[in-house]
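Residue numbers run from 1 in the order of the sequence given.
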Amino acid sequence: MPGLPRRPLSPNLALDQLVHERRAAGESLVHLAFGEARLPLLPGLARALVEGAGRTSYGPVAGRADAREAVAGYFARRDLPTEADQIVLAPGSKPLLMALQLTVPGDVLLPAPAWNTYAPQAAYAGKRAIAVPVPADCGGVPEPAALRAALARSRAAGQKPASLVLTLPDNPTGTLAPPRLVREICALARAEDLVVISDEIYRDVLHDPAGGYLSPAEVVPERTVVTTGLSKSLGLGGWRIGAARFPAGDLGRRLREGVLSAAGELWSTLAGPMQQVAAYAFAEPPEVVRRLRDAARLHGAVARAVHRIALDAGALCRPPTGAFYVYPDFEPLRAELAARGVTGSASLARRLLDESGVVVLAGHLLGDAPHALRFKAATSLLYGDEHGQAEALAADDPVRLPHIAGQLARIADAFAELTGRRPAPAPVHDPAPAHDVRRRAEPSRADDGDGERSPGRGPMKKSDVPEEAR
């Protein structure tokens, strides 16, 4: 139809589908392009789902009272006193973020790089996404001076920035903004009358639980909406359970009403069985508390191992402190990479896939500069099947397990093949405890997760890669 706009599939989802298709065709790929926390299902969550199976009616748009009370308790235990009428449940945090874009007027300020969904959601809502560079030491928040400059520049151009999205801890860099920086950004948001949307879905995937987390809702509670969910912390991505906490007071009430209005036209309510799961999980019984602890330790150990591999290959990379991502920068190797035809993030990601069967998400798909030699590597799919995941959760040193060590070895080979450099032999264990972010786990040399060591599966044609993921 003439004039019908082309809407590409989200690039991380497109790459995830590509991996599934190519693996089904017999290829062995190392999948670092999709931030899914695959973990064994907890028995209590399975029981809650079965118990809720009979809940077939719609129910309240905001969610049942018991589920909202459980979410309110979850936030209260994290120094955010909350009432149930400040909560809205949804099928994942993604629709809540979209509903907020539809509710808050004006344009939106985003850190750059950022999760690849924020900017398209702003576009769907008819807004401009104003990208602001992150500081050198962390992601998820804009650099304060750059934020001031972006506000002045955008207003001079006739734009109307009204909201600011923060990600704590960050996707894609796997880092956490320190409290001093959160306070500075929040003070600026208050002075500039910005609504703060704090995406805290990775809060419980903080590698050091005592590492000094500060939510913007503690600093500017009157203007901060916090979103969260169970996809990342408990590995329930396919169940789609999200929640939002709105401020107390008039602004919070109006924002919540706007989101509920959008919800009534978009998803009606979170499915009844999932509300049963939400009520159980957000109440944090002992098995959930143990899983959060064990999963954060596992995610930290493997992310540190990939970080060490990136450094050994000659890249720059912020040390990961939360979530399950690293964001290496191969700028120091630009001349060597250019000699091999790699001049930006798209060609860098394509070469890793073509030559080594390693799938990453190129930085330009996350709002980064196309010429930058950066990409996101999600480490949470390196744990193997359900048996391997359980083994990894229980292991004192998961990077030594053969199925994980083999994947790490293959990543090291792939990074080395980029420039022809060979990494030095490394210890095969991570002597650092999960909360010690000063130490980095080292990869061991063993089979990959498929029981193979071959680095590549033959060159891919550019046409083999979905256009939206190029």
Q) Any side-chain heavy-atom pair from Gln17 and Leu9 closer than 4.5 angstrom? A) yes

Q) Should Ser268 and Val61 count as side-chain neighbours, where that means a heavy-atom distance under 4.5 Å? A) no

Q) So do Leu49 and Gln276 actually touch side chain to side chain, heavy atoms under 4.5 Å? A) no

Q. Looking only at heavy atoms, what is the nearest atom pair of Glu36 and Ser380, with distance?
A. O-OG, 2.7 Å

(Q) How close do Gly52 and Pro273 get, counting heavy atoms only, and between which atoms? (A) O-CG, 3.3 Å

Q.
Strictly below 4.0 Å, N to O, side chains only: are Glu69 and Arg64 in salt-bridge contact?
A. no

Q: Before giving the answer on side-chain contact (heavy atoms from CB on, under 4.5 Å), spell out for Arg350 and Val342 the whole-Å C-alpha distance, their side-chain angles and the decisive distance to 0.1 Å.
A: CA-CA 9 Å; Arg350 191 159 52 245; Val342 175; over 6 Å; no

Q. Does the side chain of Pro398 reach to within under 4.5 Å of the side chain of Arg297, using non-hydrogen atoms?
A. yes

Q | Ring centers of His299, Tyr202 separated by less than 6.0 Å | A | no

(Q) For a side chain to side chain donor-acceptor pair (under 3.5 Å) check, start with the C-alpha distance between Tyr213 and Glu200, then their side-chain angles and the critical distance, and finish with the verdict. (A) CA-CA 11 Å; Tyr213 190 99; Glu200 301 186 12; 3.2 Å; yes

Q: Please report the closest heavy-atom contact between Ala372 and Arg334, naming both atoms and the distance.
A: CA-NH2, 4.1 Å

Q: Provide the closest heavy-atom pair for Pro161 versus Ile130 in the form atom of the first, atom of the second, distance.
A: CB-CD1, 4.0 Å

Q. Sequence neighbours excluded, which residues qualify as side chain to side chain contact (heavy atoms under 4.5 Å, CB included) partners of Leu41?
A. Leu45, Ala46, Leu236, Trp239

Q) What are the two closest non-hydrogen atoms of Ser233 and Ala295, and how far apart are they? A) O-CB, 4.3 Å

Q: Go through the steps to decide whether Leu214 and Leu168 satisfy the test side-chain contact (heavy atoms from CB on, under 4.5 Å), and finish with yes or no.
A: CA-CA 9 Å; Leu214 182 65; Leu168 304 164; over 6 Å; no

Q | Residue pair Val134, Glu143: steps toward the side-chain contact (heavy atoms from CB on, under 4.5 Å) verdict | A | CA-CA 5 Å; Val134 300; Glu143 197 280 322; over 6 Å; no

Q. Going through the distances and angles, do Leu164 and Val195 end up as a side-chain contact (heavy atoms from CB on, under 4.5 Å)?
A. CA-CA 6 Å; Leu164 169 65; Val195 171; over 6 Å; no

(Q) When you compare the side chain of Leu348 with that of Thr343, does any pair of heavy atoms fall below 4.5 Å? (A) no

Q. How close do Leu365 and Pro11 get, heavy atom to heavy atom, and via which atoms?
A. CD1-CB, 3.8 Å

**Q.** side chain to side chain contact (heavy atoms under 4.5 Å, CB included) against Asp193, all qualifying residues, sequence neighbours excluded
**A.** Arg223

Q: Taking atom types as modelled, find out whether Thr167 and Tyr118 have a side-chain donor-acceptor pair closer than 3.5 angstrom.
A: yes

Q. If you measure from the Lys or Arg side-chain nitrogens to the Asp or Glu carboxylate oxygens, is any gap between Glu257 and Arg253 under 4.0 Å?
A. yes

Q: Give the intermediate values and the outcome of side chain to side chain donor-acceptor pair (under 3.5 Å) for residues Arg318 and Thr173.
A: CA-CA 7 Å; Arg318 300 175 181 90; Thr173 66; 5.3 Å; no

Q) Would you call Arg38 and Glu386 a salt bridge, taking side-chain N to carboxylate O under 4.0 Å as the test? A) no

Q. Taking side chain as C-beta onward, heavy atoms only, is Ile185 less than 4.5 Å from Leu147?
A. yes

Q. Can Lys376 be said to sit on top of Tyr327's aromatic six-ring, NZ or CZ under 6.0 Å from centre and within 45° of the ring axis?
A. no

Q) If you measure from the Lys or Arg side-chain nitrogens to the Asp or Glu carboxylate oxygens, is any gap between Arg180 and Asp137 under 4.0 Å? A) yes

Q. Would you call Arg290-Asp294 a salt bridge at under 4.0 Å N-O?
A. no

Donor-acceptor list for residues 88-112 side chains, cut-off 3.5 Å, not counting sequence neighbours:
| unit_1 | atom_1 | unit_2 | atom_2 | d |
| --- | --- | --- | --- | --- |
| Gln101 | OE1 | Lys127 | NZ | 3.3 |
| Thr103 | OG1 | Ala99 | O | 2.8 |
| Thr103 | OG1 | Gly258 | O | 3.4 |
| Thr103 | OG1 | Val259 | N | 3.4 |
| Asp107 | OD1 | Arg128 | N | 2.9 |
| Asp107 | OD2 | Lys160 | N | 2.9 |

Q.
Run the ring pair (Phe, Tyr, Trp, His ring centres under 6.0 Å) test on Phe75 and Phe282 for me, step by step, so that the C-alpha distance in whole Å, both residues' side-chain angles and the decisive distance to 0.1 Å come before the verdict.
A. CA-CA 9 Å; Phe75 281 116; Phe282 281 110; 7.6 Å; no

Q: Check the angle between the aromatic planes of Phe330 and Phe375 and answer parallel, tilted or perpendicular using the 30° and 60° thresholds.
A: parallel

Q: Apply side chain to side chain donor-acceptor pair (under 3.5 Å) to His364 and Ser345, showing your working.
A: CA-CA 6 Å; His364 71 282; Ser345 63; 2.7 Å; yes

Q.
Check for me whether Arg77 meets the cation-pi criterion with Tyr74, that is, NZ or CZ under 6.0 Å from the six-membered ring centre and within 45 degrees of the ring axis.
A. no

**Q.** Geometric class of the Phe34/His31 ring pair [parallel <30°, tilted 30-60°, perpendicular >60°]
**A.** parallel

Q) Under 3.5 Å, is there a donor-acceptor pair between the Tyr280 and Glu287 side chains? A) yes

